[in-house]
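One structure below.
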Number of protein chains: 2
Amino acid sequence: MPSPIENLTKIEVSRENRRRQLIEATVRAIASQGYARLTLTDVAREAGLSPAIVNFYFKSKDQLLVATLEHLGAEYDALWHAAVSAAGGSPAAALEAMIEADFHPQLFTPEKVKVWFAFWAEAQIQPAYRDLVSRLEAGYYKETHEHCARLIEQGGYRVDPAAVAYGLNAMVDGLWFDYLIDPEAFEVDMAKRSCRLFLASLFPREFGRADAAIVPAEEAGDVRSHTGHRARLAAALKRRLHPNTPMQPRDLAAAIGVTAETVRNWLAESSEPSSGMMGRLAGALDAQLWIEVYGPVYQGLRERFEARLAATREAETQERAALDVLGRPRS
Amino acid sequence: MPSPIENLTKIEVSRENRRRQLIEATVRAIASQGYARLTLTDVAREAGLSPAIVNFYFKSKDQLLVATLEHLGAEYDALWHAAVSAAGGSPAAALEAMIEADFHPQLFTPEKVKVWFAFWAEAQIQPAYRDLVSRLEAGYYKETHEHCARLIEQGGYRVDPAAVAYGLNAMVDGLWFDYLIDPEAFEVDMAKRSCRLFLASLFPREFGRADAAIVPAEEAGDVRSHTGHRARLAAALKRRLHPNTPMQPRDLAAAIGVTAETVRNWLAESSEPSSGMMGRLAGALDAQLWIEVYGPVYQGLRERFEARLAATREAETQERAALDVLGRPRS
DNA sequence: CATCCGGCTGAATGTTTGTTTAGAGTTTTA
DNA sequence: TAAAACTCTAAACAAACATTCAGCCGGATG
């Protein structure tokens with residue numbers, strides 16, 4: 001389990017922290033000023049530094065913006081990859097995990113959604129943005145399509161996996177859009193329910209009947225609300241900060257830009273990182289961290305899937321038998 | 001059937017034309033330069049005029065941009081309102097009409113979609129944009145919700161109309177987004193099919209079974225492909241340019257910025273306006289024009305709906321009877 | 001025909017902003 | 001400890017841009 005930071009000198013780590021500090025300042029600045037009116041003075045003010053600093057760490061304003069988009073893209077990719085891995089092999093659980101990831105509080109904040117749309121709009125002009133955005137979208141679509149196809153095959157369904165994946169992707173993007181337009185009125189539960197409604201009406205055995213989908217999903221609660229991940233985080237960190245490894249708490253703290261005291265508190269389970277900080281941790285260490293900490297949550301999701309599947313399959317069998325009695329097998 | 005242009009002097013008409021010319025130049029300029037890099041010089045170049053002209057017809061660059069957004073919004077509203085009216089009272093046909101309108105070639109062009117997203121992204125900052133965009137979205141959602149609710153009630157379905165309307169809106173927005181990201185790869189038919197797949201799985205009687213929705217929809221063809229609307233347009237125009245009305249072909253031509261010769265060609269059915277020009281016509285005359293010209297197309301859609309409904313209702317009745325025999329009425 | 005007036009332009013203006021540069025303060029290295 | 005390297009800032013610079021304005025041109029008006 002090698003860590004990226006082992007290969008870097010302290011100077012390089014420090015530079016990396018400054019760059020990230022500026023990138024995060026850029027995100028805040030775009031969210032408050034807008035992309036079009038963004039100036040380096042805004043970024044510097046957010047970062048608490050002088051305007052000229054940007055041209056020191058990034059060659060130009062354009063490069064800062066590209067780096068910001070790359071940062072957001074990497075964060076998004078890492079999150080849903082980890083969620084899918086944690087969901088195990090079941091395609092239904094994987095799709096559910098992707099929906100959860102799409103509305104995960106680390107990504108799905110008013111600030112970040114605003115910034116995403118700013119880049120998306122601008123990507124039509126700037127080829128540098130465009131390529132990156134297209135690659136992200138394609139990767140996400142491919143993954144969705146794969147799980148849909150497997151689900152259709154395993155479940156013996158007869159719909160076009162491309163149409164399903166396409167529709168699901170579009171719905172998620174559209175819900176992000178709704179959130180952009182009016183974050184106050186947006187209800188995350190309702191959004192997830194709409195996605196499940198779509199899947200449930202196509203795959204009733206795995207996602208429950210469409211009728212059931214209108215009932216607020218009491219399961220599949222917010223990841224944050226689950227207790228136990230504080231302990232899991234501490235354990236996962238301890239494994240990585242084992243005495244005979246070169247990395248010590250203070251190194252990790254320096255790598256992610258917090259004090260050593262903060263890291264010690266996490267290890268002592270007396271506090272826990274914000275979701276944003278959690279993303280930094282996963283970046284500084286490895287993506288496996290995500291799975292170890294949040295895996296059990298998705299594991300729970302998976303188990304509920306299996307139970308629901310068994311129940312609805314029973315009902316399905318009875319219904320099918322009833323039709324068979326009349327000699328008119330269901331098409 | 002009063003026409004707005006009757007109340008305007010020639011000078012006012014001329015001013016209105018220039019304003020629209022500048023607005024359309026702005027749309028092209030944003031599509032090619034992007035919102036952030038847009039300069040008045042770009043707009044002027046697109047319009048074939050000098051940069052200072054903008055501050056003559058609009059007090060400032062900001063006002064030009066607001067006017068541009070208002071123009072797009074009015075066009076969008078008019079289009080789907082007309083489509084819904086033409087669809088008659090059936091909620092299913094209305095929903096189908098709204099889907100058709102959302103991907104209508106007048107609106108759904110790479111240029112306009114780019115510009116829409118540019119404004120949407122910027123709407124997070126500029127309250128002037130924000131209010132307008134929110135109002136448009138709300139109106140569209142309300143309409144969708146209404147038709148969904150009626151469909152659910154009439155059909156005896158048991159899903160939450162809000163979740164359906166929400167999901168459908170999100171899917172349409174998301175498909176626009178896909179188009180933004182990669183217009184080359186986008187297939188309009190596939191997009192419409194995904195929307196119908198969603199509706200079909202919830203309302204199988206009105207939209208056909210989900211299984212059927214994977215077959216390319218040979219019906220519901222593109223509005224443009226229907227012959228006959230050239231004749232309908234000529235007739236509709238003749239009614240409005242009747243000899244004893246004050247408006248003559250040359251007035252109409254001036255109002256929409258074409259030559260009188262062009263209008264005469266439309267009347268003679270020897271040519272037809274582009275979809276964009278059709279939008280101008282409806283604006284200069286009245287929205288009813290849309291219905292007269294394109295109504296029969298949506299009428300055809302409605303008839304196919306009725307036929308499909310009758311066929312699937314028959315099958316449904318048989319199935320229900322089969323279940324009743326077993327004394328286990330379908331829940 | 002002379003006059004007037006609105007439409008439009010080219011040049012000028014003042015502001016904003018990205019970038020450069022010289023150098024001060026601090027840390028690291030020899 | 002001295003020198004070198006690094007980080008960061010303040011000021012200067014140059015380019016881009018929205019906006020203003022004086023005035024030209026062409027058609028309408030008397």
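A note on names: the letters A, B, ... follow the listed sequences, proteins ahead of strands, and every chain is numbered from 1. Both backbone and side-chain heavy atoms feed into the values below; hydrogens, waters and symmetry mates do not.
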Parallel, tilted or perpendicular, as decided by the 30° and 60° cut-offs, for the rings of B:Trp176 and B:Phe108: perpendicular
Between D:dC8 (C1') and A:Phe56 (CZ): distance, integer Å: 7 Å
Modelled atom types, side-chain donor and acceptor of B:Tyr141 and A:Asp178, under 3.5 Å: no
Length of the CZ-C1' vector between A:Arg18 and D:dC6, whole Å: 12 Å
Protein proximity profile, nucleotides 12-26 of chain C - base contact B, sugar-phosphate-only contact S, no contact -, cut-off 4.0 Å on heavy atoms: -----SSBB------
Nearest heavy-atom neighbours spanning B:Ala118 and B:Tyr35: CB-CB, 3.8 Å
Short side-chain N/O contact from A:Arg15 to OP1 or OP2 of D:dC6, under 4.0 Å: no
Rounded distance in Å - CD (A:Gln21) to P (D:dT7): 13 Å
Evaluation steps, salt bridge (Lys or Arg N to Asp or Glu O under 4.0 Å), between A:Arg37 and B:Asp62: CA-CA 12 Å; A:Arg37 296 189 195 278; B:Asp62 282 340; 3.8 Å; yes
Distance-only donor-acceptor check, side chains A:Ser134 and A:Asp131, under 3.5 Å: no
A:Ile53 CD1 - D:dC6 P separation (whole Å): 15 Å
Whole-Å distance separating the CZ atom of B:Arg19 from the C1' atom of C:dG7: 15 Å
Note, B:Phe103 side chain near B:Leu175 side chain (heavy atom, < 4.5 Å): yes
Spacing of B:Leu64 atom CG relative to D:dT19 atom P, expressed in whole Å: 10 Å
